[in-house]
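Just so it is clear: chains get the letters A, B, ... in the order the sequence lines come, proteins before strands, and each one is counted from 1.
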Protein chains: 2
Amino acid sequence: MRLTTKGRYAVTAMLDLALHYDDGPITLADISQRQGISLSYLEQLFSRLRKRGLVDSTRGPGGGYRLSRNAHEIAVADVITAVDEKVETTRCGGLANCQDDQQCLTHELWSELSQQIYDFLCGISLGNLVERQGVQEVAARQRGQASSVSLSSRTTEESL
Amino acid sequence: MRLTTKGRYAVTAMLDLALHYDDGPITLADISQRQGISLSYLEQLFSRLRKRGLVDSTRGPGGGYRLSRNAHEIAVADVITAVDEKVETTRCGGLANCQDDQQCLTHELWSELSQQIYDFLCGISLGNLVERQGVQEVAARQRGQASSVSLSSRTTEESL
DNA sequence: ACAAGCCCGAGTAAAATAGTCAACTATTAA
DNA sequence: TTAATAGTTGACTATTTTACTCGGGCTTGT
């Protein structure tokens with residue numbers, strides 16, 4: 001299946017956006033610092049998120065990103081499929097041509113698993129996550145430490 | 001998450017073993033031909049399956065592999081975890097040290113997903129699969145075509 | 001004008017995957 | 001006792017994917 005750091009980062013970043021929804025447009029630099037994701041990589045991810053209509057962007061100073069709709073209307077599955085191509089466990093990508101142009105012995109199994117995963121991720125929205133105790137705790141911690149480490153050469157601060 | 005062709009091949013091969021349980025020990029060459037998996041690769045996989053006690057082996061002519069216990073007592077999850085290391089979706093491998101030695105914002109989510117997947121794969125045994133209509137059909141097809149294509153340089157037949 | 005910030009595409013190093021190969025050892029049939 | 005069958009092991013390798021970086025644009029507020 002396709003569930004990599006790309007998808008994980010995207011969900012984390014989107015959740016960050018959800019948590020700071022009231023603060024107006026959020027810059028990628030902010031997310032980068034809070035979540036420890038490189039700015040360049042975030043740009044790449046948000047390009048896709050924007051194309052899929054999950055976020056709106058504002059350019060220029062004071063600009064940034066914000067969720068395009070209510071956090072409860074954005075499922076984790078939406079975010080992942082926006083950046084990764086698929087949530088699929090079959091080799092053939094659901095085409096059932098796995099073996100000599102015919103369905104392999106375990107095709108059905110992987111199809112079901114894919115569906116299972118997809119359903120699970122569809123059932124959880126960013127809004128759900130925001131409400132969670134655990135998430136709140138981590139978010140509070142992140143507010144505490146004023147973004148100590150800078151990892152990207154492109155972060156705003158010239159700490160080197 | 002870790003769900004690759006390695007795991008898929010292993011399940012397919014084990015299912016083949018389950019389907020041909022009554023035929024006595026099954027050689028890897030047989031599985032290779034029926035399922036289109038290279039012999040060398042199967043060797044690697046079965047080495048692990050044996051170490052995990054999922055199959056018993058007999059050496060020498062007439063030898064081969066067989067399931068170590070009833071197909072209903074072997075879950076798909078057992079097979080996958082035997083060859084792949086983990087069924088885990090978190091980056092940190094469940095250690096919760098994802099960000100600065102502390103749990104990242106989405107750690108909980110991926111943990112739950114992992115559990116979800118694991119539960120699903122635990123709930124399905126090789127025995128369950130054998131009983132399925134779809135699997136029966138594919139198995140019948142495989143019996144029909146007397147293993148037309150040989151893909152490995154190491155297959156027994158000297159068809160070249 | 002200029003700086004903040006988004007936008008975009010190409011390029012790349014490292015890691016993981018999917019597999020190969022060769023040289024064993026054990027067992028059985030002839 | 002010899003030859004053939006089949007499992008056993010471990011090292012090695014090509015390919016693919018991942019996870020990025022880089023450099024340059026374009027927009028817009030001040």
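Among the atoms of the strands shown, only primed sugar atoms or phosphate atoms (P, OP1, OP2) are found under 4.0 Å from some heavy atom of A:I26. As judged by a 4.0 angstrom heavy-atom cut-off over every strand, A:Y65 is placed among residues touching the sugar-phosphate backbone only.
A distance of 6.5 Å separates CD in B:Q35 from OG1 in B:T12, rounded to the nearest 0.5 Å.
Listed candidates were D:dA19, C:dC7, C:dA3. Nearest to the side chain of A:P61 is C:dA3. Nearest to the side-chain atoms of A:S47 among the listed nucleotides C:dC8, C:dG19, C:dA4 stands C:dC8.
What you find for A:L121 and A:A75 is that their closest heavy atoms are O-CB, 3.9 Å. What you find for B:S32 and B:L39 is that their closest heavy atoms are OG-N, 3.8 Å.
Dashed line: the shortest gap from a side-chain N or O of B:T4 to OP1 or OP2 of C:dA16 is not under 4.0 Å. Checking the phosphate oxygens (OP1, OP2) of C:dC6, no side-chain nitrogen or oxygen of A:R50 falls inside 4.0 Å. When the side-chain nitrogen and oxygen atoms of B:S38 are compared with OP1 and OP2 of C:dA18, none of them lie within a distance under 4.0 Å.
Between the P atom of C:dG19 and the CD atom of B:Q35 lies a distance of 15 Å, rounded to the nearest Å. Rounded to whole Å, atom P of D:dT15 lies 16 Å from atom OH of B:Y41. Summarising the geometry, the separation between CZ on B:R8 and C1' on C:dA18 is reported as 12 Å, rounded to the nearest angstrom. Look at CG on A:L49: it is 11 Å from P on C:dC7, rounded to the nearest Å. In this structure, CG of A:L28 is placed 15 Å from C1' of D:dC20, rounded to the nearest angstrom. Here D:dT9 presents its C1' atom at 13 Å from CZ of B:R48, a figure rounded to the nearest Å. The separation between A:L42 atom CG and D:dC22 atom C1' is 16 Å, rounded to whole Å. Remark: P of D:dG7 and CG of B:L39 are 8 Å apart, rounded to the nearest angstrom.
Between its two ends, the helix from C:dA1-D:dT30 to C:dA30-D:dT1 turns its axis by 10°, counting five pairs per end and rounding to 10 degrees.
Scanning atom types as modelled, one donor and one acceptor separated by under 3.5 angstrom connect the side chain of B:R59 and the base of C:dT25. For B:E43 against C:dT20, no side-chain N or O and base N or O form a donor-acceptor pair under 3.5 Å. A donor-acceptor contact under 3.5 Å is formed by the side chain of B:Q44 with the base of C:dT20.
Side-chain contact between A:Y118 and A:T81 is present, with heavy atoms from C-beta onward closer than 4.5 Å. Put simply, the side chain of A:K6 reaches to within 4.5 Å of the side chain of A:Y41, judged on heavy atoms.
A:Q116 and A:E112 are not linked by any side-chain donor-acceptor pair at a separation below 3.5 angstrom, with hydrogens and angles left out of the test.
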For side chain to side chain contact (heavy atoms under 4.5 Å, CB included), just list the numbers for B:V76 and B:L129, CA-CA rounded to whole Å, side-chain angles, deciding distance to a tenth of an Å, and then say yes or no. CA-CA 9 Å; B:V76 173; B:L129 291 176; 3.9 Å; yes
